[in-house]
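Note that the numbering runs from 1 along the sequence shown for the chain. What's counted below: heavy atoms across the whole structure, side chains too, no hydrogens, waters or symmetry copies. Numbering of ligands and ligand atoms starts at 1, following listing order.
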Amino acid sequence: MATVKDDARGSQQAPIRTGAEYIESLRGRDLTIYLLGERVDEPVDHPVIRPSINAVAKTYDLAVEDPELGGAVSPYTGGRINRFLHIATSPEDLVMQNKMQRRLGQLTGTCFQRCVGMDAFNSLHSVTFEIDEAHDTGYHERFVDFVGMTQQNGYVVGGAMTDVKGDRSKAPHEQDDPDMFVHVTRRTEEGVYVRGAKAHQTGCINSHWMIIMPTLRLGESDRDFAIVGAVPVDAEGITYIYGRQSCDTRAMEGGDIDAGNAKFSGQEAMVIFDDVFIPNERIFMDGEFEFAAMLVERFTCYHRRSYVCKSGVGDALIGAAAAIADYNGVERASHIRDKLVEMTHLNETIYSTGIAASYQASQMKSGVYMSDDMIANVCKHHVTKMPYEIGRLAQDLAGGLMVTAPSQKELDHPEIGETVRKYLKGRTEVSAEDRVRVLRLIENMTMGRNAVGYLTESMHGAGSPQAQRIQIARQMQLDFKKALAKSLAGISDEAADEVSGDLADYMAKVFSPVAPSCDE
Ligand SMILES: Cc1cc2nc3c(=O)[nH]c(=O)nc-3n(C[C@H](O)[C@H](O)[C@H](O)COP(=O)(O)OP(=O)(O)OC[C@H]3O[C@@H](n4cnc5c(N)ncnc54)[C@H](O)[C@@H]3O)c2cc1C
Ligand code: SF4
């Protein structure tokens, strides 16, 4: 592999391995960040931002503590790297991504932010290869070089796909303001300048690099919007507008009960690109508009099954619901048990479809493996519904105190504290504080900070529900299914096994004994 220049942190640094090293790597970057109307000098020390950094730090610590789960061996560097930077060389690699995601959901109870970059890496591996094939460009080698550089340094890479989009009924070139979609404003011998804004960017401030990608299918008039490139998070011209999360300022009040999950949170921000330069060696698509749809579809194919992360978060929420039932003295009631069974059933349904999409993978021309698109979309579509039902059942078991409990300041108050604790008791042997802590956690996950990740991100992240229905509709093979029915009902003369002889597309993957190649 070519030697790569590390232009995000200066060359010759040791790779980032542990969570603590990662947190240190974020210091002193002089990013332009606005939060609650103020410039943030050092995000690492900001009480609202720090829990989101802690969540990413867990992805490093897991790779150290459980290298099989959190790490992988890179075909590019030959060394052990963080799994979030790995290009999938087999279906098992994809399955291991899902297992890692579930584990990290359990450990953090929130979004740990690194999957968008991981899924962008894997989709760009095949797309850059196929653009080169069609246009005789050199994107794939550049891209692989970039991947190797991030692996050597142990970086966090964010994926910036979603544009702010303006009027949703108009294509990028039709917008009154072209900045509604990130686009190239100027080209020089050395590279391009881009302008526009990306919305809802997960973990962007906690990343070292961001990959900018188009967000939808593009036509010839959208050529300048067909840009894919990598920029360091601290590149000149970038401004971050931090997204508010429900109850986020509880992190600024002191104490650790009211926040619900004081250690971990997700992070989203709007990223504004004001003529940001991307050098040629970091450009992976420029003008090949006909490949934008392929990139979006392949990215979402990986990302929609990455949402098994929610099954890990769901494990923690089911645990919280079981704990509060126990603290309230009702854990043996049959309807409580039944609701915990229902929550588990829903949670495992999410996990099952995600992992099935990974198992039913195909090898692309570039050599990377890609998950199954139909099942990945089914997984994500479940995720737009099931966490809401799991959350509803958790709130049922929690009781009303989840939303009426007094603050930690009353619990700790020198005059009223003892009385408050007396009346907040459930079972005698459980402290009032523990009871409130678990209620606050359920509040946090179903209507507080981490409901952003558990609920609304489940709805819209990787595309709103209709986007999955479109993909499912494309692949449902109704003619094939009608032919089966007509054969069995005696309407057609064709025997059912003759109909099956036409197995193609999705069905071909279902019955393929080994991971097939998509492109054959
Ligand atoms: C917490 C969170 C984290 C995220 N993280 C990332 C990230 O890291 N990187 C990233 O790139 N993106 C990220 N996203 C963005 C996510 O992919 C988008 O939210 C999603 O694609 C929906 O886009 P939107 O939010 O602009 O909603 P909108 O486009 O405004 O959609 C709202 C509704 O309008 C419908 N709609 C939209 N356009 C049309 C149309 N043309 N015709 C008919 N109906 C339409 C939708 O189906 C939906 O029901 C994140 C989102 C969330 C909520
Ligand atoms: S929502 Fe889940 S898949 Fe997306 S970045 Fe967060 S943890 Fe990963």
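Considering only residues two or more places apart in sequence or on other chains, D167 meets the salt bridge (charged side-chain N to carboxylate O under 4.0 Å, His left out) condition with none of them. With sequence neighbours left out, F284 forms a ring-ring contact (aromatic ring centres under 6.0 Å, His included) with F143, F146.
Q97 pairs in a side chain to side chain donor-acceptor pair (under 3.5 Å) with only one of the listed residues (R305, R83, H86), which is R305. The side chain to side chain donor-acceptor pair (under 3.5 Å) test with D248 singles out one residue from Q245, R244, R250, and that residue is R244.
Here the closest heavy-atom approach between residue Y60 and residue N82 is recorded as CA-ND2, 4.0 Å.
H125 has its ring centre less than 6.0 Å from the ring centre of H140.
Looking at atom 4 (Fe) of ligand 2, its nearest protein heavy atom turns out to be H303 CE1, 3.7 Å.
Looking only at protein N/O/S atoms, the ones less than 2.8 Å from atom 2 (Fe) of ligand 2 make 1 in total.
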Derivation of the side-chain contact (heavy atoms from CB on, under 4.5 Å) call for Q360 and I375 = CA-CA 8 Å; Q360 195 160 285; I375 312 180; 3.8 Å; yes
Could you go through ligand 1 and list every pair where one of its N or O atoms sits under 3.5 Å from a protein N or O, giving the atom names and the distance to one decimal?
| residue | atom | partner | partner atom | Å |
| --- | --- | --- | --- | --- |
| ligand 1 | 5 (N) | H200 | O | 2.8 |
| ligand 1 | 5 (N) | T202 | OG1 | 2.7 |
| ligand 1 | 8 (O) | T202 | N | 2.9 |
| ligand 1 | 8 (O) | T202 | OG1 | 3.2 |
| ligand 1 | 9 (N) | G159 | O | 3.1 |
| ligand 1 | 9 (N) | Q201 | OE1 | 3.3 |
| ligand 1 | 11 (O) | M161 | N | 2.8 |
| ligand 1 | 11 (O) | T162 | N | 2.7 |
| ligand 1 | 11 (O) | T162 | OG1 | 3.1 |
| ligand 1 | 11 (O) | Q201 | NE2 | 3.4 |
| ligand 1 | 12 (N) | T162 | OG1 | 2.6 |
| ligand 1 | 17 (O) | T162 | OG1 | 3.3 |
| ligand 1 | 23 (O) | K165 | NZ | 3.0 |
| ligand 1 | 25 (O) | H200 | NE2 | 3.0 |
| ligand 1 | 26 (O) | K165 | NZ | 3.0 |
| ligand 1 | 26 (O) | R168 | NH2 | 2.9 |
| ligand 1 | 29 (O) | K165 | NZ | 3.0 |
| ligand 1 | 29 (O) | R168 | NE | 3.2 |
| ligand 1 | 30 (O) | R168 | NE | 3.1 |
| ligand 1 | 30 (O) | R168 | NH2 | 3.1 |
| ligand 1 | 41 (N) | R168 | O | 3.1 |

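In this structure, H208 and Y155 have tilted ring planes: the angle between them lies in the 30° to 60° band.
Looking at E42 and R29, no side-chain N of the basic residue comes within less than 4.0 Å of a carboxylate O on the acidic one, giving no salt bridge.
Both tests hold for R186 against Y193: distance to the six-membered ring centre under 6.0 Å, angle to the ring axis within 45°.
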